[in-house]
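Contents: one structure, followed by commentary.
Order of listing sets the numbers, starting from 1, for every ligand and every atom in it.
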Amino acid sequence: MSANIAKRRLDYQRATYQVQQIELEFELHPTATRVLAVSQLQRHVVGADTLWLDGQQLTLVSLQVNGVEWSQKTQNDDGILLSGLPEQFELKVRTVLDPAANSALEGLYLSNGAYCTQCEAEGFRRITFYPDRPDVMAVFTTHIIANDSIPFLLSNGNLIAKHQLADGRVRVSWHDPFPKPSYLFALVAGDFDELCGDFVTQSGRQVALKFYVDKGQGAKATFALEALKRAMRFDEEVYGLEYDLDIYMVVAVDFFNMGAMENKGLNVFNSKFVLADAATATDTDYFNIESIIAHEYFHNWTGNRVTCRDWFQLSLKEGLTVFRDQQFSAAMGSATLCRIDAVKTIRTAQFAEDASPMAHPIRPDVVEEMNNFYTVTVYDKGAEVIRMQHTLLGAEGFRRGMDLYFQRHDGQAVTCDDFLAAMQDANQVDLGQFSLWYSQSGTPELTAKLEQTSTGVQLHLQQQTPATADQPNKQPVLLPLRYELHDANGRIETGILQCSGAQQVFCFDGLKMPVVPVLLADFSAPVKLNYAYQTDELLYLCQHAHDGVARWDAMQQLWSDLVRQSVQQQQIATIPAQMLDVLRQFIQQPLADLAFTAELLTLPGYDTLAEQYAEIPVEMILSALEHYQQQLAETFAADWLALYQRLLPVPYVYTEQQVGLRALRNTALRYLLRCNNTPASLWQQQYTEADNMTDKLAVLQGLVRAGHAETSRMLQQFLQQHGDNVQLFDKHSALVASIGDNSVFGLMDMVAQTALFDWKNPNRVRALYAVFGQQNPAMFHQADGEGYQRLTSVIAKADSINPQLASRLVTPLLSFRRFAPKRQALMRQALEQLSQQQLSPDLSEKLGKALHG
Ligand code: 7MF
Ligand code: ZN
């Protein structure tokens, strides 16, 4: 494998040549697919006569310039440098590839017998020699020649021809009129169920919608098809953006490194984000499918029509598209619940990444392996940065900025600065300080205090961003703070403050202490807030804050304060009586806003709490959480049962109302499963009578989390009943991987030996081992280091098959410096052992930063 060479954002140089058009011809064969690429190129930099063609793991058959075999070239493992080139020329490249041997799932590969491509970020270079960079945009025509036993031969754009060849093969041709970078190229060939629909755009154009899924699964794509129509309508209504081709295709495959991919006119999805019915998908699966379908659709404008100049700008399309899919999900269901979900992601995974050796700004400055930068920072913090612009400019101002962005840049490959400039110019504001959010990594910490003065109340703010692994020095950033000030008479003052200095004071004239503040309503900035709340103030806010996110946040804060006290005293702190009273009220209150109530009654997770400590007190967090959950279960045993019985199951439909009902009922169930006197018939009845996977899985999850004696028998039974369906097999694996006692290791080994388990399939491996590393802190961090050893041996095995997969699995080990010396040494040792082996560039970059960074 090639050595890691760091690339720098500031080293950007224009491509020496642009490709106007490319004509690709594939002769499909499982082990020897022949690719012919004919491109028309035009000089783009005055005086330049060289051109770098990326190409990896290819067999080159021939390379011609204007019909002449070109000898002025030098080749290495990463590509070919051509020199002595004319101003304009035709490049003709023949390559041969082996899709069957492609276990990395980048470029052209086979998924259960179907040909499939994945080109983002740098996979096209595994198909042909080409300037594989997003600022080279060409019009693609694709011809696919294959045996006529393969019914569907698909590529980007519109189908323009189909011929039967004399030798029993067929040749189909596709043309995509929109110039695009190579990362948006796609080819799919195989036998599928086809589900068709249509959509009439705002301006009256008819669009054919087609879903391709495994044979026999067609009916399970109905929900995704309907979700696509909702997304198309949303983008027209909210942004005035219409779809631009006559056909939109979505293919679902089981072998896929990521969630989905927005290839122009031909999305490829991980099948778990397309296939759904009540019997196999949970409410969470339905939610994810709708939001990912929307995400990929929204990329058609934010990503495809306007794309990235270089990969350092990835957040230009990803942060913006995540923000857009979050807006869509909020409009389709409960905005508060969606926001709570996003906040959890930021507070767990993103804050952890900022505190890790992989810390980077949403627009990174240095990258070794691009695949390592598809991160929660680029995506989710990126979306927060867009959201803050929306907050600062208002919905209308934000829309003006978006309109100007498309007006200026449609058809171009641009930068994050271009986006900010459009927002700025459309609104005549200065986003100079705001732009620091793009270049500075780390999580700002905001400390706030209130003080009475003779004229009113002063809010003293102080912000500071601790140094990160990649940047020692930090400057103050612009923070939009959505506040609520509650005074003693129940009056509430609300607004948005812009905190821009390291220290800043705001005065609220006429206000009198005591005042209880909410400063991050709707989590208006991705920061850590320090305010010395009293318990009774938080209890007040969790009942009376206007903003739902703030009410939930107050309850989370109460729990995290208790855990912090426990850590400080080395002894579990007592839950105050008033807090138990408020919780009882929430359980007993009239039924309304059920999903939100479920969130209020759920403790913060281990990872949210862990993020609040410089040195993570693993045992105390885990035992405090265990203790408090047990105490709530027992204290309110009768109330949980009454609540459970008030919420009667109804025939399954995925609606906001029903999702809330199931969420709250299953929250009650989770506590009931911890009570000794809950009759087994209660959960057994739910398990056998449920007409849907949400309620079935809730029983199993509840048993696992409660450490219930019946757990392994029930998991066995589930595997026997459902283990032939891969989605359900994966759910079983994830349950096994979260078992909180020593039996987990042997049970995981058994799953890995099941016939359906396949080391080459990332879904199988992630369901078992990513879940273990990320969602089973008790066993992953077991004091003897067994968990670390298990994970690293899996990573070593995965890396030789699929580097992207291995690289994602290593994340929980990278933060070893955050643990006490003994644990830290065990984690480091596991990583050092791993680094003795021959590793992919993906893993080398991460281990290099973690061990020697
Ligand atoms: C929703 O961004 C949010 C994020 C790249 C692959 C999909 O469209 C994508 C692709 C990765 C990680 C997360 C997501 C995607 C990828 C994703 C999907 C849906 N351009 Br890697
Ligand atoms: Zn995306």
* Is Glu318 close enough that one of its N/O/S atoms sits under 2.8 Å from the Zn ion (ligand 2)? -> yes

The salt bridge (Lys or Arg N to Asp or Glu O under 4.0 Å) partners of Glu368 (sequence neighbours excluded) come to none

Write 'none' if nothing qualifies; otherwise put on separate lines each N/O atom of ligand 1 with a protein N/O atom under 3.5 Å away and their distance to 0.1 Å.
from: ligand 1; atom 1: 2 (O); to: His295; atom 2: NE2; distance (Å): 3.3
from: ligand 1; atom 1: 2 (O); to: Glu318; atom 2: OE1; distance (Å): 2.9
from: ligand 1; atom 1: 2 (O); to: Glu318; atom 2: OE2; distance (Å): 2.9
from: ligand 1; atom 1: 2 (O); to: Tyr379; atom 2: OH; distance (Å): 2.6
from: ligand 1; atom 1: 8 (O); to: Glu262; atom 2: OE1; distance (Å): 3.0
from: ligand 1; atom 1: 8 (O); to: His295; atom 2: NE2; distance (Å): 3.3
from: ligand 1; atom 1: 8 (O); to: Glu296; atom 2: OE1; distance (Å): 2.7
from: ligand 1; atom 1: 8 (O); to: Glu296; atom 2: OE2; distance (Å): 2.9
from: ligand 1; atom 1: 8 (O); to: His299; atom 2: NE2; distance (Å): 3.2
from: ligand 1; atom 1: 20 (N); to: Glu120; atom 2: OE1; distance (Å): 2.6
from: ligand 1; atom 1: 20 (N); to: Glu262; atom 2: OE1; distance (Å): 2.5
from: ligand 1; atom 1: 20 (N); to: Glu262; atom 2: OE2; distance (Å): 3.3
from: ligand 1; atom 1: 20 (N); to: Lys317; atom 2: NZ; distance (Å): 3.4
from: ligand 1; atom 1: 20 (N); to: Glu318; atom 2: OE2; distance (Å): 3.0

Hey, what's the ring geometry for Trp437 with Phe434, parallel, tilted or perpendicular (30° and 60° as the breaks)?
tilted

| request: Check the side chains of Lys180 and Thr307 for a donor-acceptor pair under 3.5 angstrom, ignoring hydrogens and angles. | output: no

Sequence neighbours excluded, the answer for side chain to side chain donor-acceptor pair (under 3.5 Å) partners of Tyr405 is none

Note: Gln350 and Lys381 closest approach over all heavy atoms is NE2-CD, 3.5 Å

Hits for salt bridge (Lys or Arg N to Asp or Glu O under 4.0 Å) against Glu122, two or more places apart or cross-chain, chain-then-number order -> Arg125

- Assess the pair Phe223 and Tyr286: is the distance between their ring centroids shorter than 6.0 Å? yes

For His299, the N, O or S atom at the shortest distance from the Zn ion (ligand 2) is NE2

